[in-house]
Peer 1: 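This structure is in C-alpha cells; I'll ask about it shortly.
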Amino acid sequence: MDLSGKIAVVTGAAMGIGKAITEKLLQNGATVVLLDVNETAAKTLMEDLSKQYGQDRTLFLSCNVESEEQIKAAFQKTVETFGGINILCNNAGILNESDWEKTVSINLLGVIRGTYLALKHMNKTSGGRGGVIVNTASMAGLGPLISCPVYTATKHGVVGFTRAMSGASTALGYGVRFNVICPGFVQTELLSDPNSKMGQFSHLVDVIEQMMIKDGTLNATEVADSVLEMVTDETKNGAALMIFSKGKQYITFPSM
Ligand SMILES: NC(=O)C1=CN([C@@H]2O[C@H](COP(=O)(O)OP(=O)(O)OC[C@H]3O[C@@H](n4cnc5c(N)ncnc54)[C@H](O)[C@@H]3O)[C@@H](O)[C@H]2O)C=CC1
Ligand SMILES: CCCCCC(=O)/C=C/C=C\C=C\C=C\[C@@H](O)[C@@H](O)CCCC(=O)O
C-alpha cells in the first residue's frame with residue numbers, strides 16, 4: 001500500500017509507541033490524525049510535526065478511547081476534514097493492575113470500540129474505502145506475565161479479537177485487513193514506576209526487571225517499523241508480529 005494520500009488515525013499518538021507510529025506514517029507520506037487524552041503532550045508534538053510536515057497533514061483531536069461518543073466524533077471529524085479513513089492504529093493502552101477495570105476499558109474495549117466505529121467509515125460493504133487496522137497488543141498477548149494478569153488478559157484479548165476480525169472481514173468482504181503487533185519491553189513512559197502500576201502484584205516487579213535484563217528493551221521506532229510493515233504489506237491479514245530486542249517473528253497459531 002502506497003501511503004501518499006492515505007488517511008491514518010492513531011490512538012495514544014501523543015507519546016511513546018503511538019508517537020513513533022505517527023512519525024513513521026508521516027515520513028512515508030500519510031496524513032495522520034492523532035487521538036489522545038494528553039493534550040499537553042499532543043500539542044507539543046503537533047508543533048514539531050507541523051514544522052516538519054506542514055499544517056495540512058496532521059490533526060490532533062482530544063479523544064478518550066473509553067468514550068464511544070468521543071471516538072465517534074473524532075472519526076466523523078476525520079472524515080469531514082480529510083474525506084475518509086484508510087488506516088487505523090488502535091494503540092492507546094495503560095498498565096494499571098489496581099484500577100484493572102480501567103485497564104480493560106482502555107486496552108481491550110477501546111480497541112473494540114475503535115474498530116467497530118472505524119468500520120462504519122472503512123467497510124467497503126457500507127460505502128467505505130477499505131484499508132487496514134493494526135492493533136497494539138504485546139508479547140504479554142502471547143504468553144502470561146504473572147506480575148500483571150489483567151494487562152495480560154487485555155493483550156490476549158486484542159490478539160484474539162484482531163485474528164477473529166481478520167477472518168470476519170475476509171468472509172464478509174469488508175476490504176479491511178486486520179493485523180496485531182506484539183512487542184516486548186519498549187522504552188516508554190508505560191514502563192515507568194512499575195511498582196505502583198502492579199498493585200497487589202508489585203512484589204513480582206523483580207521478575208519483570210530480570211526479564212528486561214535478560215531480554216533487553218526496544219525503542220519505539222523499532223516497533224513503528226513493524227507497524228509500517230503490516231500497514232503497507234497487503235499480503236498481511238490476520239498476522240501477529242512478535243517484536244523483541246533480538247529481532248521479530250510472525251507467530252503461527254495452532255490450527256483448530
Ligand atoms: N512500553 C512497552 O513495554 C510496551 C507497550 N505496549 C503497548 O503499546 C501501547 C502504547 O504504549 P506505550 O507507548 O508504551 O505507552 P505510553 O504511556 O508511552 O503512551 C501511551 C499513550 O496512550 C495515551 N492514552 C492512555 N490512555 C488513553 C485513553 N483512554 N484514550 C486515549 N489515549 C490514551 C497516553 O496519553 C499516551 O500518550 C499500549 O497499548 C501498550 O500496552 C506493548 C508492548 C510493550
Ligand atoms: C510490566 C508489564 C509490561 C507492560 C508492557 C509490555 O507489554 C511488555 C511486555 C514485554 C514482554 C512480555 C513477555 C511475555 C512473556 C510470556 O510469554 C511469558 O513467557 C513470561 C514468563 C515470565 C513471567 O510470567 O513473568
Side-chain angles (χ1 to χ4, degrees), residues 9-22 34-45 60-68 70-71 74 89-97 99 101-111 113-114 134-159 180-199 201-224 226-227 241-245 249 251:
V9 178
V10 180
T11 71
M15 293 166 63
I17 293 168
K19 174 182 173 188
I21 293 170
T22 295
L34 294 75
L35 307 187
D36 207 299
V37 287
N38 187 332
E39 295 190 25
T40 307
K43 284 173 181 163
T44 303
L45 175 59
F60 167 64
L61 298 170
S62 179
C63 176
N64 182 341
V65 298
E66 294 185 88
S67 163
E68 175 110 2
Q70 291 185 29
I71 299 176
C89 294
N90 287 306
N91 168 76
I94 66 167
L95 170 65
N96 188 333
E97 292 295 320
D99 192 347
E101 287 168 317
K102 187 177 182 68
T103 300
V104 173
S105 177
I106 294 168
N107 294 13
L108 179 56
L109 304 187
V111 170
R113 273 183 210 106
V134 180
N135 296 324
T136 303
S138 161
M139 277 180 65
L142 301 170
L145 276 176
I146 63 173
S147 54
C148 35
V150 171
Y151 180 87
T152 295
T154 66
K155 294 306 182 178
H156 274 67
V158 170
V159 171
V180 60
I181 53 164
C182 300
F185 296 104
V186 187
Q187 300 140 17
T188 70
E189 268 306 297
L190 186 127
L191 288 186
S192 67
D193 191 16
N195 252 310
S196 69
K197 295 173 178 175
M198 289 183 189
F201 306 102
S202 59
H203 299 300
L204 296 172
V205 72
D206 58 318
V207 173
I208 292 296
E209 285 160 357
Q210 288 310 312
M211 285 179 72
M212 290 175 73
I213 292 165
K214 179 170 78 62
D215 301 336
T217 57
L218 297 153
N219 63 56
T221 302
E222 291 172 286
V223 180
S226 293
V227 171
L241 180 57
M242 182 167 71
I243 315 146
F244 45 102
S245 59
Q249 176 191 335
I251 300 297

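Being a predicted model, the structure only gives us computed values, none of them experimental. Counting convention: from 1, in listed order, for ligands and their atoms alike.
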Peer 1: Could you tell me whether Ile94 approaches ligand 1 through its side chain, its backbone, both or neither, with non-hydrogen atoms closer than 4.0 Å?
Peer 2: side chain

Peer 1: For Cys63, counting its heavy atoms only, list the atoms of ligand 1 lying under 4.0 Å from any of them.
Peer 2: 30 (N), 31 (C)

Peer 1: Mind checking whether Ala13 contacts ligand 1 via backbone (N, CA, C, O), side chain (CB onward), both or neither, at a 4.0 Å heavy-atom cut-off?
Peer 2: neither

Peer 1: How far does CD1 of Ile213 sit from CG of Asp215, to the nearest 0.5 angstrom?
Peer 2: 10.5 Å

Peer 1: Among all protein heavy atoms, pick out the one at the shortest distance from atom 17 (O) of ligand 2; state its residue, atom name and that distance to 0.1 Å.
Peer 2: Gly143 CA, 3.2 Å

Peer 1: Set out, in order, the CA-CA distance, both residues' side-chain angles and the distance that settles side chain to side chain donor-acceptor pair (under 3.5 Å) for Asp193 and Ser196, then state yes or no.
Peer 2: CA-CA 6 Å; Asp193 191 16; Ser196 69; 2.7 Å; yes

Peer 1: Could you check atom 22 (O) of ligand 1 against the protein and tell me its nearest heavy-atom contact, residue, atom and distance included?
Peer 2: Gly12 CA, 3.3 Å

Peer 1: Give the atom numbers and elements of ligand 1 that come within less than 4.0 Å of a heavy atom of Thr136.
Peer 2: 7 (C), 8 (O), 9 (C)

Peer 1: When only distance counts, is Asn64 in polar contact with ligand 1, meaning an N/O pair under 3.5 Å?
Peer 2: yes

Peer 1: With the threshold set at under 4.0 angstrom, would you say Pro194 reaches ligand 2 through any of its heavy atoms?
Peer 2: no

Peer 1: Could you walk me through whether Ser105 and Arg113 pass the side chain to side chain contact (heavy atoms under 4.5 Å, CB included) test, one step at a time?
Peer 2: CA-CA 10 Å; Ser105 177; Arg113 273 183 210 106; 3.6 Å; yes

Peer 1: Counting from 1, what ligand 2 atoms have a heavy atom of Met198 closer than 4.0 Å?
Peer 2: 1 (C)

Peer 1: Considering only protein heavy atoms, which is closest to atom 14 (O) of ligand 1, and at what distance to one decimal place?
Peer 2: Thr188 OG1, 2.5 Å

Peer 1: Compare Leu218, Leu190, Val223 and give the one whose heavy atom is closest to atom 11 (O) of ligand 1.
Peer 2: Leu190

Peer 1: Does Val104 reach the side chain of Val150, with side-chain heavy atoms less than 4.5 Å apart?
Peer 2: yes

Peer 1: Looking only at heavy atoms, which two atoms of Cys182 and Ser138 are closest? And how far apart?
Peer 2: CB-O, 3.3 Å

Peer 1: Determine, step by step, whether Asn107 and Val158 satisfy the side chain to side chain contact (heavy atoms under 4.5 Å, CB included) criterion, reporting the C-alpha distance in whole Å, the side-chain angles of both residues, the deciding distance to 0.1 Å, and the verdict.
Peer 2: CA-CA 8 Å; Asn107 294 13; Val158 170; 5.6 Å; no

Peer 1: What's the shortest distance from atom 43 (C) of ligand 1 to any protein heavy atom, and which residue and atom give it?
Peer 2: Pro183 O, 3.4 Å

Peer 1: Could you tell me whether atom 19 (O) of ligand 2 has a protein heavy atom closer than 4.0 Å?
Peer 2: no

Peer 1: Can you report which non-hydrogen protein atom sits closest to atom 42 (C) of ligand 1, along with the distance?
Peer 2: Ala137 O, 3.1 Å

Peer 1: If I take atom CD1 from residue Ile17 and atom CD1 from residue Ile243, how far apart are they, to the nearest 0.5 angstrom?
Peer 2: 8.0 Å

Peer 1: Step by step, work out the side chain to side chain contact (heavy atoms under 4.5 Å, CB included) result for Glu222 and Ser245.
Peer 2: CA-CA 9 Å; Glu222 291 172 286; Ser245 59; over 6 Å; no

Peer 1: Counting from 1, what ligand 1 atoms have a heavy atom of Asn38 closer than 4.0 Å?
Peer 2: 35 (O)

Peer 1: Nearest non-hydrogen atom to atom 34 (C) of ligand 1 belongs to which of Asp36, Leu191, Thr11?
Peer 2: Asp36

Peer 1: Compare every heavy atom of Val10 with every heavy atom of Gly18, then report the nearest pair and how far apart it is.
Peer 2: O-CG1, 3.7 Å

Peer 1: Going by the closest heavy atom to atom 9 (C) of ligand 1, which one wins out of Asn91, Ile21, Val65?
Peer 2: Asn91

Peer 1: Hey, is the main chain of Val180 close enough, under 3.5 Å, to the side chain of Asn135 for a donor-acceptor pair?
Peer 2: no

Peer 1: Which protein non-hydrogen atom lies closest to atom 27 (C) of ligand 1, naming both residue and atom, and how far is it?
Peer 2: Val37 CG2, 3.8 Å

Peer 1: Hey, could you give me the CE/CG distance between Met212 and Leu191, rounded to the nearest 0.5 Å?
Peer 2: 5.0 Å

Peer 1: Which residue owns the protein heavy atom closest to atom 9 (C) of ligand 2, what's the atom, and how far is it?
Peer 2: Ser138 OG, 3.4 Å

Peer 1: Considering the heavy atoms of Phe185, write down every atom of ligand 1 situated less than 4.0 Å from one of them.
Peer 2: 3 (O)

Peer 1: Considering non-hydrogen atoms of the protein only, which is the closest contact for atom 21 (C) of ligand 2, and what is the distance?
Peer 2: Pro144 O, 3.8 Å

Peer 1: Specify the protein heavy atom at minimum distance from atom 12 (C) of ligand 2: its residue, its atom name, and the distance to 0.1 Å.
Peer 2: Met139 CB, 3.6 Å

Peer 1: To which protein heavy atom is atom 3 (O) of ligand 1 closest, and what is the distance rounded to 0.1 Å?
Peer 2: Val186 N, 2.8 Å

Peer 1: At a 4.0 Å threshold, what atoms of ligand 2 neighbour a non-hydrogen atom of Leu95?
Peer 2: 1 (C), 2 (C)

Peer 1: Can you tell which part of Lys155 has a heavy atom less than 4.0 Å from ligand 1: side chain, backbone, both or neither?
Peer 2: side chain

Peer 1: Backbone or side chain, does any N or O of Leu35 fall under 3.5 Å from an N or O of ligand 1?
Peer 2: no

Peer 1: Would you say Phe60 and Asp36 make side-chain contact, with heavy atoms under 4.5 Å?
Peer 2: yes

Peer 1: For ligand 2, which atoms have a heavy atom of Cys148 less than 4.0 angstrom away?
Peer 2: 2 (C)

Peer 1: Show me which atoms of ligand 2 lie under 4.0 Å from any heavy atom of Val207.
Peer 2: 25 (O)

Peer 1: Tell me: protein heavy atom nearest atom 6 (C) of ligand 2, and distance?
Peer 2: Tyr151 OH, 3.4 Å

Peer 1: Quick check for you: to the nearest 0.5 Å, what is the distance between Leu142 atom CG and His156 atom NE2?
Peer 2: 7.0 Å

Peer 1: Does the side chain of Thr103 come within less than 4.5 Å of Asp99's, by heavy atoms?
Peer 2: no

Peer 1: Identify the closest protein heavy atom to atom 13 (O) of ligand 1: which residue and atom is it, and at what distance?
Peer 2: Ile17 N, 2.8 Å

Peer 1: Return yes when Gly110 approaches ligand 1 closer than 4.0 angstrom through a heavy atom, no otherwise.
Peer 2: no

Peer 1: List ligand 2 atoms under 4.0 Å from Leu190, heavy atoms only on the residue side.
Peer 2: 4 (C), 5 (C)

Peer 1: Quick one: does any side-chain atom of Thr152 pair with a main-chain N or O of Cys148 as donor and acceptor, under 3.5 Å?
Peer 2: yes

Peer 1: Considering both backbone and side-chain atoms of Ser147, is one of its nitrogen or oxygen atoms within less than 3.5 Å of a nitrogen or oxygen in ligand 2?
Peer 2: no

Peer 1: Decide whether an N or O pair under 3.5 Å exists between Leu142 and ligand 2.
Peer 2: no

Peer 1: Taking atom 20 (C) of ligand 1 as the point of reference, which of Ala220, Gly93, Gly16 owns the nearest heavy atom?
Peer 2: Gly93

Peer 1: Nearest 0.5 Å please: distance from the CD atom of Glu189 over to the NZ atom of Lys19.
Peer 2: 11.5 Å

Peer 1: Heavy-atom pairs closer than 4.0 Å: do any link ligand 2 to the side chain of Ile146, the backbone, both, or neither?
Peer 2: both

Peer 1: Report the distance from atom OH of Tyr151 to atom CD of Glu97, rounding to the nearest 0.5 Å.
Peer 2: 10.0 Å

Peer 1: Residue-level breakdown please: for Met211 versus ligand 2, do any non-hydrogen atoms fall below 4.0 Å on the side chain, on the backbone, on both, or on neither?
Peer 2: side chain

Peer 1: Name the closest protein heavy atom to atom 6 (N) of ligand 1, giving the residue it belongs to and the distance to 0.1 Å.
Peer 2: Tyr151 OH, 3.6 Å

Peer 1: Considering only heavy atoms, which of Ser138, Gly184, Ser192, Ala20 lies nearest to atom 44 (C) of ligand 1?
Peer 2: Gly184

